[in-house]
Amino acid sequence: MFLHDIGIIPGRNDSGEAGRGRSQLTNLSRRGFVTGSGLFVLGVTLAGCSTYVEPEVDADAFDLPEAGPSPLTEVKGGDATPTLWIELEKEGKVKITCHRSEMGQQVWTSMAQIVADELDANWDDVAIVQAEGHERYGDQNTDGSRSVRYNFHRLRVAGAAMKYMLIEAAALYWKLEPSQCSASEGLVSNDQNSDTLSYGNLAELAGKLQIPAEGDITLKEPDEWTLINKEIPSLTIPKLVKGEGTFGIDVDRPGMVYAVVARPPQVFGRTGSVDDSAALEVPGVLQTVRLPDATPPAVFNALGGVAVVAEDTWAAIQGRNALDITWRDGPNASYNSESYGEELKATARRSGAVRRSRGDVSSALGSATTRIEAEYYAPHLAHSPMEPPAATAEWDGDTLTCWACVQDPQATRNTLADVLGVDKENITVNATWLGGAFGRKSKPDFVIEAALIAREVGKPVKVTWTREDEIRHGFYHSVSAQYMEAGLDEDGNCSAYLHRTAFPPIASTFVPGLATPTDGEMGLGATDVPFATPNLQVESRDAKGHLRIGWLRSVSNIYHAFAVQSFAAEMAHAAGRDQKDYLLELIGPDRQIDPGKEGAIYSNYDASIEEYPIETARLKNVVNLVADMADWGRNLPEGSGLGIAVHRSFLSYIATVIEVSVSDDGALTIPGIWLACDAGTVINPRHVRAQLEGGTIYGLSNALYGEITARDGAVVQDNFPSWRVMRMEEAPRAFEVQIVPSNAPPAGVGEPGTPPAAPALANAIFNATGQRIRNLPIIGAQGSRLTLPQDDNA
Amino acid sequence: MAVTLTINGETKSVDAAPGTPLLWVLRDHLKMTGTKFGCGVAQCGACTVHVDGAPTRSCITPHDSLDGSEIKTIEGVDGRAADAIREAWVENQVPQCGYCQAGQIMSASALLAENPSPTDADIDNAMSGNLCRCATYMSIRRAIKDAATKI
Ligand code: FES
Ligand code: FES
């Protein structure tokens, strides 16, 4: 079948206002007619010698009973009412609403693939509408690697329900049974004679029909998918390569002015005296605005300080440089990360609260043939997305509209309502594209700033964070210290395993003084440890937070996987065994693990443990796969080594092998990385590979160089390169990703690449040099090479 | 005092404070936001444009030093190298969030215009000033090599 556009015929869409609005589909499809060109393109099919001209479907010619309410508001995952997600324009465009934030994970493309596949839309007709922040969409918090997992089912239902109604409409028009019609690539066909009607043409009539119940819909079998699990090209990339698309920092409003903020160096530091006379003399500076001091808890609130408002961003920055401000100390003035780190390590050495327990660890340790112990330390990290936070706010009386690169437009709206004392109904939050986020842009403090400043100024205001702002005033990944101890029997097998972890919890940002690691954080790589050893104990120690602690790509999995997977290799070494073989033995027989049965309060990434069990067979499978990919066990030149790590996070199973090569003077290169991933059903293998590559390099970059330190409560680092990020020449020469084919429910992919990266690297360095890495970062911002162990013969 | 700039072949008159970097003139005055801000101190490459064909960090280049220069930005860069790079970028699905990619494309197209068959070391050299926090480095390397085969 071959479809041509043959011409443009004026539509009749301006008539018959009465009778509209009977169902949401009508409303929304009508909206398409109104906003569209008002012109209807007819198609012609050339089949054999006959020419078929598609007739225009006149919805008003059908007298239909009033449609009832949507029966799809509460399917698994939330509201699947098709009109919430899909708008069909008469001209053919299929507008799909994406309620998750696009930050490079290609969520526009994956959400559209899911909807369009079940809808059987023509992919070339698909366009994305970015949703504003609103409860009607359900969860919009684009973190936790769960956009696909949360929405896979309901978006399929939405697409399928829309298709069901289009087929029904065509059947009505042709006076056939729906079973005598079929849909494909944006057309419904009459199976009797292969006449077709396009979706756009049918939309208005379909909109008058009853939305089907879930039981009436048949979802496709995986082998029927045309878009899901296919390497569909990204919908954003063609725009990006031309410099098109709007990031938070790109927003422009008529009459807009530009602001930067001088913030107190310490969290809860206060603004003392302010002399802005020099700032106001900077050409282009319009005014300054003093923001209220921040008070505990930090939550998502603004940090206080003084804003400089100007005619352009540069003038605002120059004005800020010219401010003379006396900052007053707050409750975190004595925070020095170096001494804090030493205390934290000492804390982790002392026994703590038991969070999971099996057998009797202390007696098993006592009777072990060999005992080994190790301490691991990992510092605070900054997110440093390439686009720093930026937000634009515009007031119209009591009504506020914001545009910002936010991961959670609903939380943004709620926080704005709270802080500003404005009714939520009067606040609109538009999510722009995000130039990277990694958890930073889940926290809308920068939007609050924009709204506060714009209210003072009386004009639209864009607040831009400079890189210095982003690095000095983040919601940092938590500093951590961990103590590990193991007992091995005479055969070298692990008979006892003790993991004690200490870190200031994220909850300290929300509840003043809260210092106990939460169950959620403990379940990110500590209490969900998959080892089969008969005696196992996981403990936590309290630690106070002195910076704003936040979640950063894969969160506590970063330090937990670093310790657990490094220690697994340390056990292997103590037992005189191969890292990979020993790892497989530690994981033990095929089984499902429920940490809840051993005293853990385990949330399993908010998924049911029945639907998403912890399956050791899948863990071992990715270990074996990646070992094959990397040719594990091959001979390597002097100074080279392979290291392996495996970790389940965000319900996905990832194993990584890293090859390092270390020169005599400690210069480190990474010739290759291999990664095997079992994420259940994947929507777009190509984009999944990109996420796993990106997640791995993010982990390596942090492990090699990343460290945020604080002196007298203030963050020391300020810009690249004192905050260092991996560059092109440091990237691996080869990076191979294999995705395990699976019809298991979809799991996360944005974060799970990160946790195994650091331990695989550390284990590789050990195999290359004999040097065991227990403190991160490995090289640091200023360093250029590894410090190698002293050679006894030197 | 108004300064006249030639950007993507068009003449633009700009009235910004003396010394204002080209980056902010492009973004805030001319509303050409394809060129990005990443660091402001020539450390990340997000702001890369071409000045007379040479990749240039617009965040540290005063706009009033560019009188008489030919400026190209992501919105207007053209020619065989730039076309091949854009095509290879789409073909290899290089960008993730895309924020660094205007700078990457400007650096890569300048490299290719100068050196149509770059080695790995040439690529490292030309691209090491362009950070990508999403870590698209491996795809960038592949795409530059692909583009090189097409010009
Ligand atoms: S913004 Fe110019 S190099 Fe970073
Ligand atoms: S693609 Fe996101 S920073 Fe490079």
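Sequence lines set the chain letters: A, B, ... in the order given, protein chains first and strands last, and positions in each chain run from 1.
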*Would you sort out whether B/Gln96 and A/Gln105 count as a side chain to side chain contact (heavy atoms under 4.5 Å, CB included), showing the intermediate values?*
CA-CA 6 Å; B/Gln96 289 188 24; A/Gln105 82 283 42; over 6 Å; no
*Under the side chain to side chain contact (heavy atoms under 4.5 Å, CB included) criterion, do B/Val25 and A/Trp314 qualify, and how do the steps go?*
CA-CA 9 Å; B/Val25 165; A/Trp314 178 250; over 6 Å; no
*Please report the C-alpha distance between A/Met386 and B/Leu131 in whole Å, then the side-chain angles of each, then the deciding distance to 0.1 Å, and finally whether the side chain to side chain contact (heavy atoms under 4.5 Å, CB included) criterion is met.*
CA-CA 8 Å; A/Met386 286 310 298; B/Leu131 289 179; 4.0 Å; yes
*For A/Ile237 and B/Val94, run side chain to side chain contact (heavy atoms under 4.5 Å, CB included): C-alpha distance rounded to whole Å, both residues' side-chain angles, the deciding distance at 0.1 Å, then the answer.*
CA-CA 8 Å; A/Ile237 289 176; B/Val94 170; over 6 Å; no
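Heavy atoms from other residues, nucleotides or ligands lying under 6.0 Å from NZ of A/Lys239 number 12 at most. Heavy atoms of other residues, nucleotides or ligands lying less than 6.0 angstrom from CZ of B/Arg80 number 12 at most.
The shortest heavy-atom contact between A/Gly435 and B/Cys97 is C-SG, 3.4 Å.
If you tally non-hydrogen atom pairs under 4.5 Å between each of B/Arg141, B/Arg86, B/Gln101, B/Arg142 and chain A, the highest count goes to B/Arg141. Between chain A and the options B/Ala102, B/Gly34, B/Ser128, B/Cys134, the largest number of non-hydrogen pairs under 4.5 Å is found for B/Ser128. Counting heavy-atom pairs closer than 4.5 Å to chain B, the top-ranked of the candidates A/Ala734, A/Pro732, A/Ala390, A/Pro238 is A/Pro732. Chosen from A/Glu231, A/Arg467, A/Met256, the residue pairing most often with chain B at heavy-atom distances under 4.5 Å is A/Arg467. Ranked by non-hydrogen atom pairs under 4.5 Å with chain A, the options B/Asn92, B/Asn125, B/Val77 are led by B/Asn92.
No donor-acceptor pair closer than 3.5 Å links the side chain of A/Asn719 to the backbone N or O of B/Val41. The main-chain N or O of A/Thr313 is found under 3.5 Å from a side-chain atom of B/Asp28 such that the two form a donor-acceptor pair.
Proximity to chain A (any heavy atom under 4.5 Å) is shown, for B/Gln104, by neither the backbone nor the side chain. The contact between A/His383 and chain B is made entirely by backbone atoms, counting heavy-atom distances below 4.5 Å. Only the side chain of B/Ala17 comes within less than 4.5 Å of a heavy atom of chain A; its backbone N, CA, C and O stay farther away. The contact between A/Ile249 and chain B is made by backbone and side chain atoms together, counting heavy-atom distances below 4.5 Å. Proximity to chain B is limited to the backbone of A/Trp465, based on heavy atoms less than 4.5 angstrom apart. With a 4.5 angstrom heavy-atom cutoff, A/Ala315 does not touch chain B via any of its atoms. Only the side chain of B/Met138 comes within contact range of chain A, with heavy atoms under 4.5 Å apart. Looking at B/Ile105, the atoms closer than 4.5 Å to chain A (heavy atoms on both sides) all sit in the side chain, from C-beta outward. Proximity to chain A involves both the backbone and the side chain of B/Glu75, based on heavy atoms less than 4.5 angstrom apart.
A heavy-atom distance below 4.5 Å is found between the side chains of B/Thr20 and A/Asp312. Between B/Lys36 and A/Phe247 there is a side-chain heavy-atom pair separated by less than 4.5 Å. Residues A/Met728 and B/Cys132 fail the side-chain proximity criterion, which asks for heavy atoms closer than 4.5 Å.
Note that CD of A/Glu729 is 8.5 Å distant from OH of B/Tyr137, once rounded to the nearest 0.5 Å.
Comment: B/Arg27 engages A/Asp250 in a salt bridge, judged by a side-chain N to carboxylate O separation of less than 4.0 angstrom.
Looking at A/Ser384 and B/Arg133, their side chains do bring a donor and an acceptor atom within 3.5 Å of each other.
The side chain to side chain donor-acceptor pair (under 3.5 Å) with B/Gln93 is formed by just one residue from the set A/Gln106, A/Arg686, A/His687, A/Arg689; it is A/His687. With B/Tyr99 as the fixed residue, the side-chain contact (heavy atoms from CB on, under 4.5 Å) test singles out one of A/Cys405, A/Pro385, A/Pro388: A/Pro388.
Residue-level contacts of residues 695-704 of chain A with chain B, in order of numbering, are A/Ile697, A/Tyr698, A/Ser701, A/Asn702; threshold 4.5 Å between heavy atoms.
Legend: salt bridge (charged side-chain N to carboxylate O under 4.0 Å, His left out) pairs involving residues 51-62 of chain B, not counting sequence neighbours: none detected.
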